[in-house]
Enquirer: 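Just dropping this structure here.
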There are 2 protein chains.
Amino acid sequence: MDNYHDRRVRKSKIALKNALMSLLQQKNLQQITVMEIVQTADVNRGTFYKHYQYKEELLEEMVDDIIVDLIDSYRNPYQKGENISVDNLNVSAIKIFDHVENHADFYTIIAKSNALVGLQNQICRQLTDLMKEVVQQYQEPEGIDLNLLASYQAYAIWGLIIEWINQNFKYSAAYMSNQLLTILQLTRYS
Amino acid sequence: MDNYHDRRVRKSKIALKNALMSLLQQKNLQQITVMEIVQTADVNRGTFYKHYQYKEELLEEMVDDIIVDLIDSYRNPYQKGENISVDNLNVSAIKIFDHVENHADFYTIIAKSNALVGLQNQICRQLTDLMKEVVQQYQEPEGIDLNLLASYQAYAIWGLIIEWINQNFKYSAAYMSNQLLTILQLTRYS
DNA sequence: TTGATTAACAAACATCTGTTTATTTACAGG
DNA sequence: CCTGTAAATAAACAGATGTTTGTTAATCAA
């Protein structure tokens, strides 16, 4: 469908994303019209509807971009062939918190908006997949459904991120992963 | 503003909520128009706009209703047929899972929709407040920010609920709170 | 460089949105 | 059982949405 190799498409999409990002600093999604977006982006309205069905879909694609970076951030430490341990989990956590900090404006919009698309779900789903890799390394879960445990851990971390955002990033990313580690150290996964 | 003790208002709002609920079984919120809602509800369009700004606000009020029941479920300490555990958190958890099970259709829509994350936030925020009460009972948190811990626990439980929903409620509420307790028993608070 | 492709565009259209009017009807309280 | 209040309604409106059409021009591949 979309020809990402075409410079015109990339230009249009970037313009639309920048426009929406800038508008989201001022008002929430419901108050933003497609007309405003295309006017701000200086793009024809038909061009918007060529690529997206609704403004929510545009936002979803913005999340996709962020998620690519999230996965990169997460996978980085493991690419050195280290074993997965609580320490490594902490390294991953640092990477994740760094990533959130780097996109603080974006995550703030996501977290504070009241009408956003399934982007938090997307992020949490991704986190859940990542957590599955970690959780499967634990020996002897003893009657615990690993899918449940992975989802538990993923959303728990997301909960930390949300609270971090709500406190306006008053802690550093290092402190946050420290907190996570401290909480996890209370837990004796074998 | 809204006169809740007027039967007409209650009737209109219930009709609108039922209509939206039924439409959400078929398509997602973005594809539903206000016109469809009022046609399904057999209510004048002006009546909709008298009570709500957008369809999202109608949905928010539906969540509010659910949240009232959630808090009730949580605060209602002892109802018949339940074995009271020593662990307060476990008792609370059972209540919460029971509540979700009772509103399984609603939570399924919430969880599977791509446009309702703001509402999940609302629920998680509520869960976070509830968790704060629990978390504050733990002795010596040792350098852990209690707000972070509460948010961590709240979203963790939400993660369990999400996975529960995604597996189409194949477990019982009792099993779910059992899982939570098992996971938490790995954790040595206090 | 050239030719085929297709994105971007302006314009026009039916539908939906959000608001406002005036009118009718149901309600709560006395 | 009245009566003032206010909710529900139909109708009409400007503006936004979503789609379609034909045209222009940028891009890719050869």
Side-chain angles (χ1 to χ4, degrees), chain A residues 1-62 64-65 113-118, chain B residues 1-62 64-65 113-116 118-119:
Chain A
M1 286 295 161
D2 281 340
N3 195 352
Y4 292 99
H5 310 299
D6 195 317
R7 184 187 304 143
R8 290 171 296 180
V9 176
R10 290 197 305 271
K11 262 187 67 178
S12 296
K13 288 196 166 189
I14 288 174
L16 288 170
K17 288 173 188 174
N18 288 340
L20 180 54
M21 194 67 191
S22 132
L23 287 169
L24 278 172
Q25 318 273 5
Q26 305 159 25
K27 32 185 151 179
N28 64 12
L29 194 64
Q30 286 162 354
Q31 297 165 327
I32 299 172
T33 65
V34 174
M35 278 204 143
E36 276 181 300
I37 297 175
V38 296
Q39 278 166 4
T40 307
D42 194 27
V43 157
N44 189 275
R45 203 161 58 89
T47 302
F48 175 93
Y49 284 108
K50 173 149 212 165
H51 297 302
Y52 311 102
Q53 292 188 63
Y54 352 84
K55 52 195 176 185
E56 286 84 1
E57 203 172 307
L58 170 59
L59 200 48
E60 261 174 52
E61 198 171 281
M62 291 166 69
D64 287 339
D65 299 342
S113 170
N114 277 336
L116 286 191
V117 226
Chain B
M1 281 298 155
D2 280 340
N3 199 350
Y4 290 100
H5 62 270
D6 193 318
R7 185 186 303 140
R8 290 171 296 182
V9 176
R10 291 197 305 271
K11 261 187 66 179
S12 297
K13 288 195 165 188
I14 288 173
L16 289 169
K17 287 172 188 174
N18 288 341
L20 181 53
M21 194 67 191
S22 130
L23 288 169
L24 278 173
Q25 318 272 7
Q26 306 159 23
K27 33 184 149 180
N28 65 10
L29 193 66
Q30 287 158 353
Q31 297 166 327
I32 297 172
T33 66
V34 174
M35 280 205 142
E36 276 181 301
I37 297 174
V38 297
Q39 279 167 2
T40 306
D42 193 28
V43 157
N44 189 274
R45 204 160 59 87
T47 302
F48 175 93
Y49 283 109
K50 175 150 209 163
H51 298 301
Y52 310 102
Q53 293 187 63
Y54 354 83
K55 52 194 176 188
E56 286 84 2
E57 203 173 306
L58 170 59
L59 199 48
E60 263 174 50
E61 199 172 280
M62 292 166 68
D64 287 339
D65 298 343
S113 167
N114 279 337
L116 302 179
L119 312 177

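No experiment lies behind these values; they were computed from the predicted model shown. In what follows, every heavy atom counts, from backbone to side chain, and hydrogens, waters and symmetry copies are set aside. Every chain is numbered from 1, with letters handed out A, B, ... down the list of sequences.
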Enquirer: Between A/A41 and A/A15, what is the shortest heavy-atom contact and its length?
Expert: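 That closest heavy-atom pairing would be CB-O, 3.5 Å.
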Enquirer: Rounding to an integer number of Å, can you tell me how far A/R10 CZ sits from D/dA26 P?
Expert: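 Rounding to the nearest Å, CZ of A/R10 and P of D/dA26 are 16 Å apart.
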Enquirer: Note the angle between the end axes of the helix from C/dT1-D/dA30 to C/dG30-D/dC1, five pairs defining each, rounded to 10 degrees.
Expert: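 Here the helix ends are tilted 60° relative to one another.
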Enquirer: Expressed as a whole number of angstroms, how long is the span from A/Q39:CD to C/dC9:C1'?
Expert: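 Going from CD in A/Q39 over to C1' in C/dC9 covers 15 Å.
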Enquirer: For a 4.5 angstrom cut-off between non-hydrogen side-chain atoms, does B/Y54 reach B/E60?
Expert: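 No, every pair of side-chain atoms sits at 4.5 Å or beyond.
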Enquirer: Between A/I37 and A/K55, what is the shortest heavy-atom contact and its length?
Expert: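 Heavy atoms only, the tightest pair is CD1-CB, 3.9 Å.
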Enquirer: Among pairs that include at least one residue of residues 13-49 of chain B, which meet ring-ring contact (aromatic ring centres under 6.0 Å, His included), considering only residues two or more places apart or in two chains?
Expert: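 Checked against ring-ring contact (aromatic ring centres under 6.0 Å, His included) - neighbours excluded - the pairs reaching residues 13-49 of chain B are B/F48-B/Y52.
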Enquirer: Looking only at non-hydrogen atoms, find the nearest pair between A/R45 and A/V34 and report the distance.
Expert: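 Here A/R45 and A/V34 meet closest at CG-CG1, 4.3 Å.
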Enquirer: With sequence neighbours excluded, tell me which residues meet side-chain hydrogen bond (donor to acceptor under 3.5 Å, both in side chains) with B/E36.
Expert: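 Scan of B/E36 (side-chain hydrogen bond (donor to acceptor under 3.5 Å, both in side chains), adjacent residues dropped) gives B/K27.
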Enquirer: Can you give one letter per nucleotide of nucleotides 11-23 of chain C, going 5' to 3': B for a protein heavy atom under 4.0 Å from the base, S for sugar-phosphate only, - for none?
Expert: -B---SBBB----
Enquirer: So how far is it from A/E56 CD to B/N28 CG, rounded to the nearest 0.5 Å?
Expert: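 If we round to the nearest 0.5 Å, A/E56:CD and B/N28:CG are 9.5 Å apart.
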Enquirer: In residues 16-25 of chain A, what donor-acceptor pairs under 3.5 Å come from side-chain atoms, sequence neighbours left out?
Expert:
| from | atom 1 | to | atom 2 | distance (Å) |
| --- | --- | --- | --- | --- |
| A/K17 | NZ | A/E61 | OE2 | 3.1 |
| A/K17 | NZ | A/D65 | OD2 | 3.0 |
| A/N18 | ND2 | A/I14 | O | 3.4 |

Enquirer: If you measure from CD on B/Q26 to CD1 on B/I32, what distance do you get to the nearest 0.5 Å?
Expert: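 If I round to the nearest 0.5 Å, the distance is 7.5 Å.
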Enquirer: Look for any protein N or O under 3.5 Å of an N or O in nucleotides 24-27 of chain C and output each such pair with its distance, or none.
Expert:
| from | atom 1 | to | atom 2 | distance (Å) |
| --- | --- | --- | --- | --- |
| C/dA26 | N3 | B/R8 | NH1 | 3.0 |
| C/dC27 | OP1 | B/R7 | NH1 | 3.3 |

Enquirer: Respond yes when some side-chain nitrogen or oxygen of A/T47 is under 4.0 Å from OP1 or OP2 of C/dC9, and no when none is.
Expert: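 Checking C/dC9 against A/T47, a side-chain N or O does come within under 4.0 Å of OP1 or OP2.
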Enquirer: How far does NZ of B/K11 sit from CZ of B/R7, to the nearest 0.5 angstrom?
Expert: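 Answer rounded to 0.5 Å: 8.5 Å.
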Enquirer: Would you say A/H51 reaches C/dA7's phosphate, i.e. side-chain N/O to OP1/OP2 under 4.0 Å?
Expert: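 The answer is no; no side-chain N or O of A/H51 sits under 4.0 Å from OP1 or OP2.
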